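Owing to the predicted nature of the structure, the values given are computational and were not obtained by experimental measurement. FYI, side chains are in, hydrogens and waters are out, and symmetry mates aren't considered; it's all heavy atoms of this structure. In each ligand, atom 1 is the first atom listed, and ligand 1 is the first ligand listed.
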Amino acid sequence: MQLLDGKKLAAEMKLEIASEVAQFKAEGGKNPHLATILVGHDGASETYVSGKIKACAEVGIKSTLVRFEDNIVEKDLMEKIRELNNDADIDGLIVQLPLPVHISEQNITEAIDIRKDVDGFHPMNIGRMVIGMPSYISATPAGILEIIKRYNISTSGKTCVVVGRSNIVGKPISILLSRKGYPGDATVVVCHSKTQNLKDVTIQADILIAALGQPEFIKADMVKEGAVVIDVGITRIRSELTKSGWKLLGDVKFDEVAPKCSYITPVPGGVGLLTVIALLKNTVLSAKRIIYP
Ligand code: NDP
């Protein structure tokens with residue numbers, strides 16, 4: 001079993017991005033700039049946003065955090081998005097989800113200029129991705145692809161089972177892995193809460209992607225010997241054993257599944273770290289006007 005070490009990959013990729021940013025600036029390019037809107041004080045969102053800001057600083061990307069209290073109305077949030085869409089200095093604009101229930105995530109996602117949609121959540125970017133046009137690929141699927149590529153994991157003709165069909169993880173990764181070329185050309189099966197006899201499906205997987213948000217749901221008897229297991233799940237649970245009072249669990253019962261795998265991602269230290277890297281890469285692509293010249 002080999003660990004798919006997100007921490008090591010993320011560190012390597014941060015150095016690559018930092019050098020790309022430095023070179024771009026040295027050649028007269030602008031300082032890439034990511035704006036993040038955070039509504040309210042959800043603990044997990046605070047952690048994700050501070051991780052993104054720190055990562056930006058580490059690679060030389062400028063970042064701006066715009067905060068609102070959770071009683072902000074949709075119209076005012078829209079107004080801020082319009083302002084940032086029109087700000088030529090901002091290359092990437094993301095709104096941390098989830099939003100309070102009185103605000104439509106769909107409306108907010110669609111309000112972001114597609115050229116600045118470095119989260120890749122806008123329906124236009126998703127549609128372009130589906131038909132193979134240049135687009136921002138959302139950060140978590142992009143992070144998964146990066147892991148697959150950097151560890152030279154073969155995907156052509158493999159059976160890939162994705163558990164979860166959300167718009168931000170399950171659906172896009174299943175489309176990306178069934179695209180022509182590498183990493184793709186896989187035979188992809190998508191499972192969800194209505195899938196019957198899930199274990200009979202997951203056991204077929206050469207590559208198993210768990211993105212269901214149910215801690216330690218995938219057990220050893222659901223995994224084929226020699227499979228590649230990519231655990232996207234992150235669930236924060238209370239713990240008296242950590243300083244923060246929280247610990248993170250993946251969707252895979254790591255200790256029992258790992259010995260059966262050829263490769264496996266840990267949680268924490270796996271996909272999550274690459275998700276942030278993919279966001280940085282998209283911001284640099286935007287500053288360089290590569291996807292939308
Ligand atoms: P969603 O809750 O949006 O989707 C979960 C999906 O899993 C749904 O399609 C649901 O099916 C399916 N599902 C739930 N329970 C079961 C079950 N018992 N059997 C089969 N399928 C099931 O989750 P997300 O995709 O947003 O996130 C999934 C996990 O990944 C979460 O833990 C989240 O925190 C984590 N995450 C991690 C990221 C990272 O950077 N590493 C980024 C984003 C998310 P149905 O559609 O039928 O309801």
Pair N107, E74 - check side-chain contact (heavy atoms from CB on, under 4.5 Å), show working. CA-CA 9 Å; N107 291 347; E74 190 170 309; 2.8 Å; yes
Take I72 and K80 through the side-chain contact (heavy atoms from CB on, under 4.5 Å) test and state the conclusion after the steps. CA-CA 11 Å; I72 184 172; K80 190 67 194 179; over 6 Å; no
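Among the atoms of K194, none of the N or O lies under 3.5 angstrom from an N or O of ligand 1. For ligand 1, the polar-atom distance check finds an N/O of I234 within less than 3.5 Å of one of the ligand's N/O atoms. Remark: ligand 1 and S166 share an N or O pair separated by less than 3.5 Å (distance only, no angle test).
Using 4.0 Å as the threshold, I168 has a heavy atom nearer than that to some atom of ligand 1. Put simply, no part of C191 is less than 4.0 Å from ligand 1, judged by heavy atoms.
For ligand 1, the atoms closer than 4.0 angstrom to any heavy atom of T275 are 39 (C), 40 (O). Close approach of ligand 1 to Q214 (heavy-atom distance below 4.0 Å) involves ligand atoms 15 (N). Ligand-side atoms of ligand 1 in range of R165: 6 (C), 8 (C), 9 (O), 45 (P), 46 (O), 47 (O), range being under 4.0 angstrom from any heavy atom. Residue contact check: G233 has heavy atoms under 4.0 Å from atoms 29 (C), 30 (O), 32 (O), 35 (C) of ligand 1.
The closest heavy-atom contact to atom 28 (C) of ligand 1, among the options G250, G164, A211, G6, comes from A211. Scanning G213, P268, A278, S193 for the heavy atom closest to atom 22 (C) of ligand 1 points to S193. Closest heavy-atom approach to atom 43 (C) of ligand 1 within the set L248, V169, N167, T265: this belongs to V169. Considering D251, V267, L198 only, the shortest heavy-atom separation from atom 19 (N) of ligand 1 involves L198. Across V232, I173, T140, heavy-atom proximity to atom 30 (O) of ligand 1 is greatest for V232.
Checked for salt-bridge contact, D221 and K219 miss the test: no charged N lies under 4.0 Å from a carboxylate O. Residues E79 and K75 are not paired through a salt bridge, judged by the lack of any N-O separation under 4.0 Å between the basic side chain and the carboxylate. In summary, R150 and E16 engage in a salt bridge, as defined by a charged side-chain N under 4.0 Å from a carboxylate O. Salt bridge status for D231 with K253: absent, with no side-chain N to carboxylate O gap under 4.0 Å. Look at D89 and K30 and you find a salt bridge, because one of the NZ, NE, NH1 or NH2 atoms lies within 4.0 Å of a carboxylate O, short of that distance.
Of all the heavy atoms in G120 and S138, the pair that sits closest is O-CB, 3.9 Å. In plain terms, the two heavy atoms of V118 and S286 that are nearest each other are CG1-CB, 4.2 Å.
Within a 6.0 Å sphere centred on NZ of K199, heavy atoms belonging to other residues, nucleotides or ligands number 12 at most.
Of the protein's non-hydrogen atoms, the one nearest atom 20 (C) of ligand 1 is H192 O, 3.2 Å.
Between Y48 and D42, the side chains place no donor N or O within less than 3.5 Å of an acceptor N or O (distance only, hydrogens not considered).
Of the heavy atoms in L212, both backbone and side-chain atoms come closer than 4.0 Å to ligand 1.
Proximity of atom 25 (O) of ligand 1 to the protein is indicated by at least one non-hydrogen atom lying closer than 4.0 angstrom.
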